[in-house]
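For reference, the structure is listed below as structure tokens.
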Amino acid sequence: MAGVKPGERVAFIAGNWKMNLDHLQAIAFVQKLAWTLSDARHDYSATEVAVFPPFTDIRSVQNLITGDKLELGFGAQDVSAHLSGAYTGEISALFLKALGAPYVIVGHSERRQYHHESDEQIAEKVAVSIQNDVVPVICVGETAEDLELYGPSAVPVAQLRAALSLSEGATNVVVAYEPVWAIGSGQAATPEQAEQVAEQLRYVVAEVLGGEVADATRILYGGSVKSTNIAGFLRQPNVDGALVGGASLDIAEFASIAQFRKHVGT
Ligand code: PEP
């Protein structure tokens, strides 16, 4: 079956809403998304689907998902490197754990760029998430300038090594390769470019966490993913899903991306 990879990696389609949709809009959105996927007879055992709403929405989304027994996953877009204390505005991994949030995005390029998150902070966030049973979706990716100076994989590889540096022994992480030049630009990487970097990233996971973990680790591609280009990425042996920004805010489009197996001919 397309998308089922060595090591039985279940495909993963993740929607990063960024700072969009309040908690009431989130409830309506998740209900409609679940109906749309159910109408399309979505097979969650073959393709996991998760949404990453803003913090103020997460409790509402969690209530809806558990109350209505929806098969959608959910997560946060960031987490504090600290567990508790005088860190105004921060959200602890303990709070995400208490909400039963399975995932958290860590090190998104917008956090690195606008909030000046360093590799060291990202490593701490990855470690604190893992220690509290919240699976980090670790984002790495090169800027257009990096690409010109160092080629496609040097920066993402270095970022992933740094991000995992405090988490030796971890068994459950997700990696998202998101070239910064492709995010929100409408200019996605080619499937071959994504595969080239994803393969290098899997070597890093193998180096730090061991071959077995590397085999089981989902590596996503992100950057201008749409229903018209998703199938090409998922055909690559080392690309196991997508982190979707803009297109995750359109229910029909996001559901169609999640249904990528129906576009294998495209
Ligand atoms: C993102 O920000 O994670 C992303 C992939 O955005 P977009 O899909 O809009 O390029």
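Keep in mind that this is a model prediction, so the values were computed, not measured. Counting starts at 1 for both ligands and their atoms, following the listed order.
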Checklist entry - Going by heavy atoms, is Ala247 under 4.0 Å from ligand 1? => result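 The answer is no, since Ala247 has no heavy atom less than 4.0 Å from ligand 1.
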Checklist entry - Strictly under 4.0 Å, does any heavy atom of Ser185 approach an atom of ligand 1? => result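 False for this residue.
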Next on the checklist: Under 4.0 Å between a side-chain nitrogen and a carboxylate oxygen: does that hold for Arg202 and Asp240?
Outcome noted: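 Looking at Arg202 and Asp240, the cut-off is met.
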Checklist entry - Using heavy atoms and a threshold below 4.0 Å, how should the contact between Ile183 and ligand 1 be classified: side chain, backbone, both, or neither? => result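 Under 4.0 Å from ligand 1, Ile183 contributes backbone and side-chain atoms.
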Item to check | Location of contacts on Cys139 toward ligand 1, heavy atoms closer than 4.0 Å | outcome: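 No part of Cys139 is near ligand 1 at this cut-off.
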Item to check | Qualifying residues under side chain to side chain contact (heavy atoms under 4.5 Å, CB included), relative to Ala40, sequence neighbours excluded | outcome: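 Ala40: side chain to side chain contact (heavy atoms under 4.5 Å, CB included) contacts with Gln259, Lys262.
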Next on the checklist: Taking the six-membered ring for Trp, are Phe12 and Tyr103 closer than 6.0 Å centroid to centroid?
Outcome noted: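 Yes: the rings meet the under 6.0 Å criterion.
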Name the atoms and distances for all side-chain donor-acceptor pairs under 3.5 Å in residues 157-170, with sequence neighbours left out.
from, atom 1, to, atom 2, distance (Å)
Gln159, OE1, Gly141, N, 2.8
Arg161, NE, Glu207, OE1, 2.8
Arg161, NH2, Glu207, OE1, 3.3
Arg161, NH2, Glu207, OE2, 3.1
Ser165, OG, Ala162, O, 2.7

Next on the checklist: Apply side chain to side chain contact (heavy atoms under 4.5 Å, CB included) to residues Ser80 and Val128 and explain how you reach the verdict.
Outcome noted: CA-CA 8 Å; Ser80 176; Val128 84; over 6 Å; no
Show which atoms of ligand 1 fall inside a sub-4.0 Å distance from at least one heavy-atom site of [X].
X: Gly223; value: 5 (C), 10 (O)
X: Glu178; value: 1 (C), 3 (O), 4 (C), 5 (C)
X: Lys18; value: 1 (C), 2 (O), 6 (O)

